Amino acid sequence: MTALCAGPAVHAQQARGANASAASDKAPQTVLPVWNKGSGKVEAVLLLEPTGQAGPGARWRFGNNTLDAAFGLGAGDSLGLLCSGPGGGDISSLASHCLLASLGDDPASSPARRLSATTAISRQGNRFGLTAGATQASGLPAWLSGGASGSTLAQADRIEQNDLQVFGQKALGTEAFVSIAGTYARARLVPLSDAAPGLVDRWDTKSLSVGGGYGPFSASIIGRVVDVPGRPDGKWEGLGLGLTWRTPWSGQLTVGAENVVTRGKNPFSPSSGGAEEGTIPYVRYEQGL
């Protein structure tokens, strides 16, 4: 279902209805601004509502067992309709004069794009599954960047990574659980032909995460090993941890630190010698809509 109406400048976002009493019954909407290329103004917004059909996934039941399969595409860029003239008041004019475009201020700083597919089997609160994914990003994650400003990646348009994860979770009663996950990832800089001599352009990452929780609280410890092929000193290890609270209002607050313990030389660190990496604290909040 689509609707076109006049509105202020906004980026594509998830939104609920304004009526708080009906918020739980109303499906989420996606808002796309309709941008006039000539005047540089937002003349309208396009509201996209789900049709009520099932999402990109499937579920099968076999007695007490449940098999799930799902795929997803994530991107952090804001999207909008860029029009060569006035947007008009109907959908047909948008199709004739507008194109879907990214409204990010700087392509080099845009968030990562990720395509993933997951399959899992569940039985009496226990879950075991496999996830495969592909990611494109314009920078290293914070735990691997070592505080670098990005100069080591100046010769690359993007970073491409393919990963495979095996995970499992076991329920302990009705409130508690323990979980474990192992991931193998292979990444490279693109384009390789423009990479400066001596620049690390390929690396492999292996990680193991162990966690547990009770009620709304959970904790996890993750260990990572980064290997740079062809370098005798190209192995680096790091350990991180995090604590998470699931709020009563469908939010999730996580407090943690990366690189609490490290060993080896981070191939992307700007520091010289074998100095250990500094701990990177973080606070992350996510809100369900």
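Here the structure is a predicted model, which is why all the values come from computation and not from measurement.
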How many angstroms lie between atom [atom1] of [X] and atom [atom2] of [Y], to the nearest 0.5 angstrom?
X: Leu130; Y: Thr119; atom1: CG; atom2: OG1; result: 7.5 Å
X: Tyr285; Y: Leu253; atom1: OH; atom2: CG; result: 8.0 Å
X: Ile159; Y: Leu189; atom1: CD1; atom2: CG; result: 5.5 Å
X: Asn126; Y: Ile121; atom1: CG; atom2: CD1; result: 11.0 Å
X: Leu241; Y: Leu243; atom1: CG; atom2: CG; result: 7.0 Å
X: Lys265; Y: Trp236; atom1: NZ; atom2: CH2; result: 10.5 Å

### Task
Would you please test Lys235 and Val225 for side-chain contact (heavy atoms from CB on, under 4.5 Å) and show each step?
CA-CA 7 Å; Lys235 185 175 182 178; Val225 178; 3.7 Å; yes
Partners passing side chain to side chain donor-acceptor pair (under 3.5 Å) against [X] (at least two apart in sequence or in another chain):
X: Thr247; value: Trp249
X: Thr205; value: none
X: Thr254; value: Thr244
X: Gln165; value: Thr183

Once salt bridge (charged side-chain N to carboxylate O under 4.0 Å, His left out) is applied, what residue pairs with a partner in [range] remain, sequence neighbours excluded?
range: residues 206-219; value: Lys206-Asp227
range: residues 124-140; value: Asp68-Arg127
range: residues 212-222; value: none
range: residues 171-180; value: none

I'd like a table of donor-acceptor pairs (distance under 3.5 Å, sequence neighbours excluded) in which one partner is a side-chain atom from residues 208-221, with atom names and distances.
none

#### Entry: Derivation and outcome, side-chain contact (heavy atoms from CB on, under 4.5 Å), residues Arg202 and Val228
CA-CA 7 Å; Arg202 295 178 183 269; Val228 179; over 6 Å; no
#### Entry: Connected via hydrophobic side-chain network under 4.5 Å: Ile180 and Leu172
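Different clusters: Ile180 never reaches Leu172 through Ile, Leu, Val, Met, Phe, Trp or Tyr contacts under 4.5 Å.
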### Task
Give a yes or no on whether Leu67 and Phe128 share a hydrophobic cluster (residues Ile, Leu, Val, Met, Phe, Trp, Tyr; joining criterion: side-chain heavy atoms under 4.5 Å apart).
yes
### Side chains of Arg59 and Thr66 in contact at under 4.5 Å (non-hydrogen atoms)
yes
#### Entry: All salt bridge (charged side-chain N to carboxylate O under 4.0 Å, His left out) counterparts of Arg123, not counting sequence neighbours
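By the salt bridge (charged side-chain N to carboxylate O under 4.0 Å, His left out) rule, Arg123 matches no residue at all.
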### Summary
With sequence neighbours left out, the residues meeting salt bridge (charged side-chain N to carboxylate O under 4.0 Å, His left out) with Arg224 are Glu258
Looking at every heavy atom in both [X] and [Y], which two are closest together, and how far apart are they?
X: Thr279; Y: Ala257; answer: CG2-CB, 3.7 Å
X: Tyr282; Y: Gly242; answer: OH-CA, 4.0 Å
X: Asn162; Y: Ala134; answer: OD1-CB, 3.5 Å
X: Asn259; Y: Ile280; answer: ND2-CD1, 3.7 Å

### Message
If the condition is side chain to side chain contact (heavy atoms under 4.5 Å, CB included), which residues does Glu160 pass it with, not counting sequence neighbours?
### Response
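Scan of Glu160 (side chain to side chain contact (heavy atoms under 4.5 Å, CB included), adjacent residues dropped) gives Gln136, Arg158, Arg188, Val190.
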#### Entry: Partner of Arg186 by side chain to side chain contact (heavy atoms under 4.5 Å, CB included), out of Asp204, Asp163, Leu164
Asp204
### Message
What verdict does the side chain to side chain donor-acceptor pair (under 3.5 Å) test give for Thr118 and Thr131, after you've listed the backbone C-alpha separation in whole Å, the side-chain angles of each residue and the deciding distance to 0.1 Å?
### Response
CA-CA 4 Å; Thr118 300; Thr131 297; 2.9 Å; yes
